[in-house]
Each structure stands twice: as structure tokens, then as C-alpha cells.
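Notes follow once the structure below has been shown.
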Protein chains: 2
Amino acid sequence: MMKNKIPTLKEIAEKLGISISTVSRALNDHQDISEVTKERVKALAADLNYIPNIFAKGFRTHKTNIIGVVVPNITHYFTTTLIRGILEEASLQGYRVIISESNNDVDKQTEMLNTMIQFGVDGVLMSLSKMTRDISSILKIMNTLPLILFDKASNKIPCTQVVINEEEATYNAIEHLINIGKRRIAIIKESEFSYNSEKRFEGYLRALKENNLPIDEKIILSVDDISMIQGKRMTNVLMSLKQKPDAIFAITDSAAIGVIKTLKKLHVKIPEEVAVVGFSNSINSTIIEPMLTTIDQPGQKIGATAVKYLIEEINHPNEIFINKTIEIRSNLIIRNSTFKV
Amino acid sequence: MMKNKIPTLKEIAEKLGISISTVSRALNDHQDISEVTKERVKALAADLNYIPNIFAKGFRTHKTNIIGVVVPNITHYFTTTLIRGILEEASLQGYRVIISESNNDVDKQTEMLNTMIQFGVDGVLMSLSKMTRDISSILKIMNTLPLILFDKASNKIPCTQVVINEEEATYNAIEHLINIGKRRIAIIKESEFSYNSEKRFEGYLRALKENNLPIDEKIILSVDDISMIQGKRMTNVLMSLKQKPDAIFAITDSAAIGVIKTLKKLHVKIPEEVAVVGFSNSINSTIIEPMLTTIDQPGQKIGATAVKYLIEEINHPNEIFINKTIEIRSNLIIRNSTFKV
DNA sequence: CTGAAAGCGCTTACAG
DNA sequence: CTGAAAGCGCTTACAG
């Protein structure tokens, strides 16, 4: 297929009988250039469909206006809302976004970061893969590029982090269960190192303690992979205990949906006998019956906020940034799995 | 933050006392260079963590190894599977992916395409926004860059298209309903111009005709926005008809889930009184009870295939490509909404 | 087998 | 207010 040629500054300059420098400056609205010249240049540029060669520009100015994003799993609904926020805010600020998936594989994550650098991104937004223990490669990258963590973060990495109020959100959810009269609240969390899981667990523990409820290891269950299937398995475990729980909090909606499905199969009444709470406010949480009480995380806002902080760092490459942790508020959405209207 | 400097060919050349040209050639495994030199150069490059400046390279060779992707809505699960396939195949072939969302807004779609060009992508993969009637801007872009359509395609645009066998898949689904004894099959489709909706409607019509079933306009419903809410509304319409349908085919899972929810509210037995079929095999289709019979679309394969064809075109910029339509096979997944085991 | 040099399209310090 | 020229980091035709 024959492709059109995109005109260059040189061609515009020649057609107008002026220098390339003047054309460049006119297009960039440089103060030195007269209005008349600016207008002539801009008119011709528009006419010829001039598009600046971003590679020549980026090559020259060491800036590409591209942001790299690394996420563990792009198919999670919540992740897509984060990405939507990132795309929107980036676009507003004149940035493009390169996305890659680490598939929760730490080596792949490192590889992705390296290609990001190679592709000249101006900065990186990352949500950590599970099991990211060795942070040396990440620290190395931080020497080269601004990096901001979002959603799946880590206190060990000295950079700005944009997260939700995981601990508090869970605290509120557990407190809600206590308010509706539940006293024996089980939790299904992740066994592997996971920032979100740990924070949520802390909120769970604090809520029990502050309400003088006993902490019972038997109803604190950890799974490798926090999925619907594991939710089902763990529910069978919990409901075969001598002292069954009267509520189950799962740290993800998918696990919570597994819980509901199994409780229904066991003919356990929800929420009267056992109440269920999830985390994420995924679409699924409104499909399941009874609909799931869960925590709504404003993904778009988190994504957009992360972009703002990143561009701030990109624009001030020589400043030392104090590494803030920005907590975005989430909301408990009460539905029929805990409280019937 | 102070950032590390990435070494250049020049530094390697100086340290080794050879020319830049030789270093460049050694790194690119040029045949002219001796093995000894190659090894020395590569060793030092590895040592210094040399990363080629892709912008200098792209600028020089007019190739960026970046693919642009435009999708209507990134939060749809099926879209994320398409993207996953694109990311994987692109990564295998050494390409990065810039993603943007058109939000089903035709103007935004055009804008996105233009920024893609500006950012020097080597080619574009696009899934059309609804209501893309004016294709002039797309045709214009095809003069500049290779473009391939996937999933939401259009016969009017002369380019390679990667889609599923929409018509045949629907035909099979309707035939399945006929096989289980259904005779009055309603369809809920989109009213706006939509490639997928039209193809599915064609399959529906053909199945009825070939089985000598009457086509009744009263049970052919069109909605603007094919959502769960519309599925609910349309079910109320259908179930208040004198001659109620004994099966409902909705062209998306979300609408089909709305159908099931409403049928349950109306105490209609599924599938005995009314069977339900969706399209997509979304996660939701297994959450709803009864689980939804639907059509599984191999998103990853579609995405990967689209990338392959695009890179083929990128690598042969002066060839005229015959615009093929590649149909990827989908599968009917039979579940309890049509057939109880 | 290796090197000197041109050039990709742009920006910008310097000079006028 | 405008221009000539250098240079960003790379590749490659040309010369040896």
C-alpha cells in the first residue's frame, strides 16, 4: 500500500521562503516570532496536514510524552477502571500510554519495566505483581525513571503510592457486620505476600479487637489464589467447623461469590444465618443473588490521581520528592447479602 | 531525583578504541564484523547496561515497533481478552502497544487515530465504535498507515478484518433452541448500526427460515444500548404479549442476564417455559442462576491473529494486500438456561 | 574487516 | 524579529 508522506519543517520553510528555525518557533508559539509570521506558518502547516515527528522531537528533547503502565492482570474489571482513569487523565495532559501485563510473574514484571525504559517512556505507573519480594530491579529502575505505584503497592519501595484506604474500608465493613449482630466473623484472605490482603487483614483484626471480639485462627483462612473456586472450598471448610461462623468476609468479590454459591448449595440462609461481604464492587456482585455487600473502589480516580503525581515528577526531574502515600476513599455498598431491606 | 545516564554507542566505541559504526554493526550482528569484535562489544555493552535509544533508532529507520490499538470500551471483559492476545503476540514479536479508548464516540475515535499517527505507531488495530458511519477519516488514515479491524468490523472499510463467525455462531445457537423444542424465539438486538448485531441478526433469520419457522416482527426487539437494564425492559415487553415467546436470544450476555433476572421475578420457569441464550461467555454468565447458555468467543486468539496480520503488513509496506476477512471459530456453550442436565 | 561521514527532523544557544 | 549551525543517537552507503 502506498503511504502518504507527512511534510517536515523543511518543506514548510522552503514553501514560505523562511528558515526552519523560524518555522519551528512559529509552530511552538515562541515569543520572538511576529504574529504575521506565526499565522502564515500555521496556516500552511494546517494546509499540508503537518504533524510534528514525535520521534525527532523526543529524540531531541529527551521527552516522549509516553507513560508506561504495568498491571498484573488486565482482565480484572477493577483493573480496567484503573486503566480508564489513566488513559483519560494522560490524554488530557497530552500523554500516551503503553500498557503491559506482568501476569503476576515477577520476572516478567522486571522484563516489562526494562522494555518500558527502552521505549523511552517518561515515567512508569505500576501495580505490583503478587510475590514481588526482590525489589532490587525496581529500585534500579527508579534511578533511571520516575515511578509511581498504584493499587497494589508496597511500603518497602520508596516512591509515591496511590491506594485506597484498605485498612479503614475493611474496618468499616467488619463493623457493619458487628452492627447487624454478627459475632463470629470469618475472613478469607491471601496466603502469599500481598499488600492489599495484609492491609485488609489489619482492618479486620482492628475491628474485632476494638469491639472486644475474640480472634480465632480457625476462621482465618488463607488461600494462594483468591478465586471463586477457593471461595467455594473455604466455605465448605468453614461450614464443617463445630463452631460455624455467622459471617464471612472475603477479600475479593470473586471469592465472596464462591462463598454465596456454596452457602446456597448448603441451604444456609443469607444473611440470617451467615452474612457475606466482598471487596471491589465488581459487576458480578450485582448479578449474584442475593446481591453482594462489598466495597466500592473508585478505580478511575485512583488511575487519574496516579497520572497526576507521575507527571508532576516527570516535569521536575531534579527535585527530590517526598514519597507520599495517597489514600483514596472507598465506600461500603450494603446489599442483601448482609442486610435485607 | 537524579537519574542514571544510559550509555551510548559513542561511549562504548571510545572505551574500546573503535568506531561508532563498528559498535553499531557488532550489536546488530552484522556479517562484516569479526566474532572477536562482536564479543568484545557485546560484553562491554552488557556491562554498561547499554540500552539502544529506540527514539534515535526509530527516528533513523522510520520504525518505532509500536502498535496502536483503539477499542470502544476497555472495561468489557471480552475486550480485555482481546487486548491480552494483542499484548502477548506483540511482545513476542518485539512490539509495544499503545492503547486508547474511543468510548463509542466517533469523533474521539478519529482523534485517537490521529494521535496514534503523531506518536509514530507502525500500524493500527481498531475495533469500531458504534455509529461509525462516516468512514472518510479512517480511509485517510489508511493512506498513511497499515490498519486492521478486529471484532467490531465493517465491510465498507477496505482492509483486513479479524472477526468471529458471528452469523454461523448465532445460527447454531438458534438451531440448538429449535432442537430442544422451541418454536417461538425472540431476539433482542441493537437498533443502531452495529456490525456484530447485524451479523447475528442474519444468523437468527437464516436459522428460522431454514427450519420453516415464521418470522414475527413482534418478537424482534431493538434497543439503543444493549445492556442488562434493556434486557429487563424488553423481557417485560415480551412477556406481556398475547403470544409469548418460548425462548429469548439476546445478542449480549449482559442483556441475557437482564432477561433471566426478569423472568425469575415473573416466576417464569427457565428453560422449561422460556429458554435464554446470550453471547460472549462473560464471567457473569456463570454467576447468574440458572447459568447462561452462550457463545464463547476466543478473544485472545482474535487479538493475536490481528497482530500477526498487522505486522505482516508493516513488514511489507509497498505490497498491495488483498483484504481478507478472517473468521475465528466460536463455540456454543450449553448451560442450564436452555438445557438441564 | 573497519572507519569517516552524511543524514533522519527537530530544537535552541548564539549571532545579528 | 530571523537565520545559520550544532547536535540529540543511531544506521548505512561509500571508501578503503
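So you know, we letter chains A, B, ... as the sequences are listed, proteins then strands, and number each from 1. Keep in mind that what you see is a predicted model, and the values were worked out from it rather than measured.
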Intermediate values then yes/no, side chain to side chain donor-acceptor pair (under 3.5 Å), A:N73 and A:T75: CA-CA 6 Å; A:N73 184 328; A:T75 69; 2.7 Å; yes
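Using a 4.0 Å cut-off on heavy atoms, the residues of residues 12-24 of chain B that approach DNA chain D are B:I20, B:S21, B:S24, listed by number.
Put simply, B:S34 has a side-chain N or O that comes within less than 4.0 Å of OP1 or OP2 on C:dT2.
Evaluated for a side-chain contact (heavy atoms from CB on, under 4.5 Å) with A:S100, the options A:M112, A:K108, A:M126 yield exactly one hit, A:M112.
Of the two residues contacting DNA chain D, namely B:R25 and B:A56, the nearest-nucleotide position lying further toward the 5' end is that of B:A56. Judged by closest nucleotide on DNA chain C, A:K10 is the one of A:K10 and A:D32 placed further toward the 5' end.
Taking 4.5 Å as the limit, every side-chain heavy atom of B:L82 sits out of range of all side-chain heavy atoms of B:V71. The side-chain heavy atoms of A:L128 and A:S102, taken from C-beta on, include no pair separated by under 4.5 Å. Side-chain contact check for A:I314 versus A:K63: some heavy-atom pair is nearer than 4.5 Å.
Rounded to whole Å, the distance from CD1 on A:I51 to C1' on C:dC10 is 15 Å. Rounded to whole Å, the distance from NZ on B:K38 to P on C:dT2 is 10 Å. Between the P atom of D:dG9 and the CG atom of B:N28 lies a distance of 17 Å, rounded to the nearest Å. The distance from atom NZ of A:K63 to atom C1' of C:dG9 is 18 Å, rounded to the nearest whole Å. We find that CG of B:L27 is positioned 14 Å from P of C:dT2, with the value rounded to whole Å. Between B:H30 atom NE2 and C:dT2 atom P there is a gap of 12 Å when expressed in whole angstrom units. Rounded to a whole Å, the CD atom of A:E39 is 13 Å from the P atom of D:dC1. A straight line from CG of B:D29 to P of D:dT12 spans 14 Å, rounded to a whole angstrom.
For B:Y50, taking side-chain heavy atoms from C-beta onward, the closest of the listed nucleotides D:dT2, C:dC10, D:dC10 is D:dC10. Nearest to the side chain of B:K57, among C:dC10, D:dC10, C:dT2, sits D:dC10.
When the C1' atom is compared between C:dT12 and C:dG16, the two are found 16 Å apart, to the nearest whole Å.
Within a 6.0 Å radius of NZ in A:K301, no more than 12 heavy atoms belonging to other residues, nucleotides or ligands are found.
Remark: side-chain polar atoms of B:S19 are paired, donor with acceptor, to backbone N or O of B:T22 under 3.5 angstrom. Panel note: side chain B:D151, backbone B:S127; no donor-acceptor pair is recorded below 3.5 Å.
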Structure string for DNA chain D in dot-bracket form, Watson-Crick and G-U at under 3.5 Å, | interchain: |||.||||||||.|||
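Comment: B:R96 does not engage B:D122 in a salt bridge, judged by the lack of any side-chain N to carboxylate O separation of less than 4.0 angstrom.
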